[in-house]
Participant: 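Dropping the structure in here first, questions after.
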Amino acid sequence: MSDITTVNPATGETIETYTQIGKDEAFAKVDACHDAFSEWKLRSLDDRAQVIKGLGKALRDNKEELAQLMTREVGKLIGDSRDEVELCAAICDYTAANGPKELADEKRDPNNAGRGIVTYSPIGVIYGIQPWNFPAYQVIRYAVANLMTGNGVLLKHAANCTGSGLKIEEIFKKGGLPDGLFTVLVIDHDLSDEVIAYDKVRGVTLTGSDGAGKHIAEEAGKALKPTVLELGSNDAYMVLEDADLDKAVGICASARLYNNGQTCINGKRFIVTEKVYDEFVKKYVAKFSAVKTGDPTADGTDMGPMAREDLRKTLQDQVDQSVEKGAKIECGGAIPDGPGAFYPATVLTNVQPGQPAYDDELFGPVASVIKAKDDEDAMRIANDSRYGLGGGIMSKNVDRAIELASKHFDTGMVFINTFGVADPSMPFGGVKNSGYGREHGGFGIKEFANAKAIFVGAE
């Protein structure tokens, strides 16, 4: 075991040091979570919903403290951190309002019995392994859904936002959640694999890279445990021939740069039809060149630092490799001097297959602009990816865009003439190497529920 030290990516200064726990203590926490679950699962759906409503209030009551901590740990703009806590509270509100209806027993008419009942039973302790880019939202997204289901919840958070994970645990206790029902494990990756195998863990959910997803799926598969995986992507935003170009430039800039360019459903590949390509690139580069990078707590800052210096180095390596293979830097593209993990808003053109900027996920403020012959070619390029989380369509013909989205775009989510991160009422998740399973929209509360069939004889 080793200590975890968190660092402010805007200044390079140490924030806090945490001691990782060993196997015996970790398994004792899992046991305690299971014991809490054994009582929680017997609470009525309405009772659970009332507690979850209280969690939303507790998040709002502690919004500023949590937001400031998130910004210190991962460099998010402070306004975005506040918005993130509000989104988390809204998830609690939505789940409390809709969970009891989603999980209510269903009546069926089986041929071999007098009547049938489908009941959604909780299965036990669910283990969540979460990343740093949304230190609160990533946790709330799976935790609240599973608490509504009646499950217990474990969290292994990313090391660099350990404090945020522990703060959420504290806030949940203030909000009235029973002790042990939501438990943070400050552990390393090797012990994490043992937690997956532990018999009192019944399901595993991960948000992370496709490489991490393959590892977690393999470990869970060995133990025959269900998983939900929300993995990376290189989402394509198509700018079709009839797009409102000024609107498209603004949306595509937000889609790439939101959260300092570190979001799984950020737009990453911008596929622009030949007819409007030159004008789009000119306006897009001007937009990126004007971005002010600096202190994420200051007014007027457009973009903060990346979350860690090693992540910035990886991004620079991907840019360099893409340029070596023919990509052209239109703006940005180099690590600046000075403290902090800052990286400039960057636009790459002449992006082609075989380059990281085309094939892989660039998790930072780098946009890959790709020229398409026409709308049909743009759709082909958009789907030419091993990923399939989200994507976008910029077009004045909304009906046609909806048809493309529903019948042709091979992703889990599509944004037409807009960019968004998540909404509690809509399903969230992807296909292909972007993972499987869904969260939000009522879907997440059934991912780790036992849809149990009860047959009742004629009465």
Participant: Checking Arg256 side chain against Phe288 main chain: does a donor-acceptor pair fall under 3.5 Å?
Facilitator: no

Participant: Hydrogens and angles aside, do Thr17 and Asp3 bring a side-chain donor and acceptor to less than 3.5 Å of each other?
Facilitator: no

Participant: Check Arg386 with Asp360, please: is the shortest side-chain N to carboxylate O separation under 4.0 Å?
Facilitator: yes

Participant: Are Ser425 and Asp423 linked by a side-chain donor-acceptor pair shorter than 3.5 Å?
Facilitator: yes

Participant: Assess whether a salt bridge exists between Asp109 and Arg115, defined as any Lys/Arg side-chain N lying under 4.0 Å from an Asp/Glu carboxylate O.
Facilitator: no

Participant: Does the pair Lys174/Glu170 count as a salt bridge with the N-to-O cut at 4.0 Å?
Facilitator: yes

Participant: Is the distance between the ring centroids of Trp132 and Tyr137 less than 6.0 Å?
Facilitator: no

Participant: Indicate the atoms forming the closest heavy-atom contact of Met303 with Tyr343, along with that distance.
Facilitator: CE-O, 3.3 Å

Participant: For the residue pair Lys247 and Asn417, confirm or rule out a side-chain donor-acceptor distance under 3.5 Å.
Facilitator: no

Participant: Could you give the distance from CG (Leu181) to CG (Asn151), rounded to the nearest 0.5 Å?
Facilitator: 9.0 Å

Participant: State which residue, out of Leu257, Val272, Val369, Val239, fulfils the side-chain contact (heavy atoms from CB on, under 4.5 Å) condition with Cys252.
Facilitator: Val239

Participant: Please answer whether the main-chain N or O of Asn266 pairs with a side-chain N or O of Thr263 as donor and acceptor at a distance below 3.5 Å.
Facilitator: no

Participant: Does Asn260 use its side chain to pair, donor to acceptor, with the backbone of Gly75 at less than 3.5 Å?
Facilitator: yes

Participant: Below 4.0 angstrom, N of the basic side chain to O of the carboxylate: do Arg82 and Glu84 qualify?
Facilitator: no

Participant: Quick one: do the Thr71 and Ser81 side chains pair a donor with an acceptor below 3.5 Å?
Facilitator: yes

Participant: Do Glu73 and Ser164 get their side chains close enough for a donor-acceptor pair, meaning under 3.5 Å?
Facilitator: yes

Participant: Tell me if the centroids of the rings in Tyr127 and His34 come within less than 6.0 Å of each other.
Facilitator: no

Participant: Decide if atom CG of Asp299 counts as having more than 12 heavy atoms of other residues, nucleotides or ligands within a radius under 6.0 Å.
Facilitator: no

Participant: For Tyr387 and Asp235, test the side chains for any donor-to-acceptor distance below 3.5 angstrom and give the result as yes or no.
Facilitator: no

Participant: In terms of ring plane angle, is the pair His440 and Phe428 parallel, tilted or perpendicular, where the classes change at 30° and 60°?
Facilitator: perpendicular

Participant: Do the side chains of Asp375 and Arg400 get close enough for a salt bridge, i.e. N-O under 4.0 angstrom?
Facilitator: yes

Participant: Walk me through it: do Asp179 and Lys173 pass the test salt bridge (Lys or Arg N to Asp or Glu O under 4.0 Å)?
Facilitator: CA-CA 7 Å; Asp179 285 348; Lys173 287 179 181 177; 5.0 Å; no

Participant: Please say whether more than 12 non-hydrogen atoms of neighbouring residues, nucleotides or ligands are located less than 6.0 Å from CD in Glu376.
Facilitator: no

Participant: What I want to check is whether the side chains of Thr207 and Arg141 have a donor and an acceptor closer together than 3.5 Å.
Facilitator: yes

Participant: Could you tell me whether a side-chain N or O of Arg269 sits under 3.5 Å from a main-chain N or O of Asn234, the two making a donor and an acceptor?
Facilitator: yes

Participant: Would you check if the side chain of Glu230 reaches a backbone N or O of Leu389 as a donor-acceptor pair within less than 3.5 Å?
Facilitator: no

Participant: Report yes or no: is the cationic atom of Lys452 (NZ for Lys, CZ for Arg) closer than 6.0 Å to the six-membered ring centre of Tyr120, at no more than 45° off its axis?
Facilitator: no

Participant: Take atom CG of Asp199 as the centre, draw a 6.0 Å sphere, and report whether it contains more than 12 heavy atoms from other residues, nucleotides or ligands.
Facilitator: yes

Participant: Could you tell me whether the side chains of Glu241 and Thr273 share a donor-acceptor contact shorter than 3.5 Å?
Facilitator: no

Participant: Are there more than 12 heavy atoms of other residues, nucleotides or ligands under 6.0 Å from atom NE2 of His189?
Facilitator: no

Participant: Looking just at side-chain N and O atoms, do Asp242 and Ser395 make a donor-acceptor pair shorter than 3.5 Å?
Facilitator: yes

Participant: Are the charged groups of Lys225 and Glu219 less than 4.0 angstrom apart, N to O?
Facilitator: no

